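Bear in mind the structure is a predicted one, so any value in this text is a computation, not a measurement. Each chain gets a letter, A, B and so on, in the order the sequences are listed, and its residues count up from 1.
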Amino acid sequence: MNEKDSESYIDICPPTEFDFSECLVFLGRSEHEVLHQVRDGCLYKLVNINDEMILLKIRSSLGSILVELPMGPSSESARVEVVSYIREWFDLDQNLNNFYNAVSQDMVLGQLVHKYYGLRMICIPDLFEALTWAIMGQQINLTFAYTLKKRFTEHFGECLSFKGETHWLYPTHEKIAALDVEDLRKLQFTVRKAEYIIGIAKAMAHGEINKQLLLQKQDYEKIKQSLMDIRGIGAWTADYVMMKCLHHSGAFPLADVGLHNALKIQMGLDRKPTIEEIKEMAAHWEGWQAYATFYLWRSLYE
DNA sequence: ATCCAGGAACTGT
DNA sequence: ACAGTTCATGGA
């Protein structure tokens with residue numbers, strides 16, 4: 001490539017324990033996903049960098065992560081932001097060796113970490129998205145949750161068309177804070193979920209909740225409690241957000257149905273394990289419960 | 001038709 | 001603190 005073209009590419013060197021194709025399996029798990037696309041080994045994602053929409057085309061190349069900017073070159077500052085976005089999205093600043101060492105002798109996970117070696121947490125860097133996506137998924141099947149997310153995004157998010165494909169940005173909390181419950185009811189959100197989501201949007205618009213504020217607190221329980229103080233966020237959602245957005249590898253959504261099903265299958269049980277049984281199994285996962293959960297979710301997709 | 005889904009708030013004890 | 005009830009809708 002010549003020098004001008006090189007400004008349209010960004011090369012990211014991943015840590016040793018990283019397998020892009022494993023991550024793609026997880027990213028491609030739903031047909032109804034609107035916030036990214038997987039096609040021919042490439043991952044397409046529209047991001048908002050300094051209020052500018054930038055389309056990313058991401059693939060693996062010679063052991064590194066190659067990010068192409070199909071719309072053309074971007075400023076140096078935007079490129080720096082793109083790199084930090086990708087590092088966060090794929091949780092690249094986590095030392096997975098510590099996880100692998102911790103669970104190598106584990107009955108269930110010992111197999112899975114070998115099978116899915118290099119899989120990293122696929123994160124949700126945007127706090128508003130992480131919180132509200134978790135709420136959409138509460139107590140309904142995943143397929144319908146994706147339908148809700150798609151409607152929500154296509155009604156209130158921004159989009160950009162490029163080469164015949166439409167790419168979407170998740171709605172901002174500013175936009176949602178101005179809605180009424182009735183606006184979301186039309187999209188088949190329940191009254192309660194509509195209230196939760198708009199309430200969170202307003203709290204974020206008022207600056208009562210933000211990612212920096214949460215990340216400042218060091219104590220795990222304090223962060224979790226401040227999340228649970230928000231209406232609509234219980235223990236499951238708080239842990240989900242801590243694992244998918246705040247990068248806490250020790251977060252553990254114990255009540256998660258997907259976790260229960262995966263354990264049932266992996267352990268060959270004829271029923272789902274109880275919470276107490278899960279706590280026992282998880283005794284060896286200390287500090288890595290989020291990754292253990294994520295690898296177990298991954299095991300449900302094949 | 002019937003069960004239940006990547007739960008949480010509310011209510012009564 | 002703890003257990004039971006309500007919400008509320010689509011997928012399998």
**Item:** Rounded distance in Å - CD1 (Ile124(A)) to P (dG6(B))
**Value:** 15 Å
**Prompt:** Choosing from dT9(C), dG6(B), dA8(B), which nucleotide comes nearest the side chain of Trp297(A)?
**Reply:** dG6(B)
**Complete:** Testing dA8(B), dA5(B), dA9(B) for proximity to the side chain of Thr237(A), the answer is dA8(B)
**Complete:** Taken to the nearest whole Å, CD1/Ile200(A) to C1'/dG7(B) is 13 Å
**Request:** Please work out which of the three classes, parallel, tilted or perpendicular, describes the rings of Trp288(A) and Phe99(A), given edges at 30° and 60°.
**Result:** tilted
**Complete:** From the candidates dG11(C), dA8(B), dA9(B), the one with an atom nearest any side-chain atom of Trp236(A) is dA8(B)
**Request:** Between Gly232(A) and Lys244(A), just flag the one whose closest nucleotide in DNA chain B comes earlier from the 5' side.
**Result:** Lys244(A)
**Complete:** Here the ring-ring contact (aromatic ring centres under 6.0 Å, His included) pairs for residues 210-232 of chain A, sequence neighbours left out, are Tyr220(A)-His248(A)
**Prompt:** Do Arg298(A) and Tyr295(A) meet the cation-pi criteria used here (NZ or CZ under 6.0 Å from the six-membered ring centre, within 45° of the axis)?
**Reply:** no
**Request:** Round to a whole Å and report the spacing from NE2 of His260(A) to C1' of dG6(B).
**Result:** 10 Å
**Fill in**
Heavy-atom nearest nucleotide on DNA chain B taken for Ala238(A) and for Ile140(A); more 5' hit belongs to Ile140(A)
**Prompt:** Roughly how far apart, to the nearest Å, are dT5(C) and dG6(B) at atom C1'?
**Reply:** 22 Å
**Message:** By the 4.0 Å heavy-atom rule, please label Arg185(A) as base, sugar-phosphate, or nothing.
**Reply:** sugar-phosphate
**Message:** What is the separation between atom CG on Leu227(A) and atom P on dG7(B), rounded to the nearest whole Å?
**Reply:** 17 Å
**Prompt:** Within the structure shown, what part of the strands sits under 4.0 Å from Ile230(A) by heavy-atom distance: base, sugar-phosphate, or nothing?
**Reply:** sugar-phosphate
**Item:** Lys150(A) NZ/CZ over Trp168(A) ring centroid, <6.0 Å and within 45° of normal
**Value:** no
**Prompt:** Salt-bridged, Arg231(A) to Glu195(A), with N to O below 4.0 Å?
**Reply:** yes
**Complete:** Between CG of Leu148(A) and C1' of dA5(B) the distance, given in whole Å, is 13 Å
**Message:** Using a heavy-atom cut-off of 4.0 Å across all strands, would you classify Tyr196(A) as base, sugar-phosphate, or nothing?
**Reply:** sugar-phosphate
**Request:** Send over the distance from Ile135(A) CD1 to dC7(C) P, rounded to a whole Å.
**Result:** 19 Å
**Message:** If you go through the side-chain atoms of Gln138(A), does one of them form a donor-acceptor pair with the base of dA8(B) closer than 3.5 Å?
**Reply:** no
**Request:** For Lys272(A), report the nucleic acid contact type (base, sugar-phosphate, nothing); a contact means any heavy atom under 4.0 Å.
**Result:** sugar-phosphate
**Separation of dG7(B) P from Asn261(A) CG (nearest whole Å)** = 10 Å
**Request:** Ignoring backbone atoms, test whether Gln139(A) places a side-chain nitrogen or oxygen under 4.0 Å from the OP1 or OP2 oxygen of dG6(B).
**Result:** no
**Request:** Using a heavy-atom cut-off of under 4.0 Å over every strand shown, decide if Leu259(A) touches base, sugar-phosphate, or nothing.
**Result:** nothing
**Message:** Nearest whole Å is fine: how far is dC10(B) C1' from Glu195(A) CD?
**Reply:** 13 Å
**Same-atom distance (P) from dA8(C) to dT11(B), integer angstrom** = 14 Å
**Request:** Between Arg192(A) and Thr143(A), name the one whose nearest nucleotide on DNA chain C is closer to the 5' end.
**Result:** Arg192(A)
**Prompt:** Restricting to pairs with a member in residues 256-274 of chain A, which pass salt bridge (Lys or Arg N to Asp or Glu O under 4.0 Å), not counting sequence neighbours?
**Reply:** Arg271(A)-Glu277(A)
**Asked** If you check every side-chain atom of Arg29(A), which of dG7(B), dG11(C), dG6(B) has the closest atom?
**Response** dG6(B)
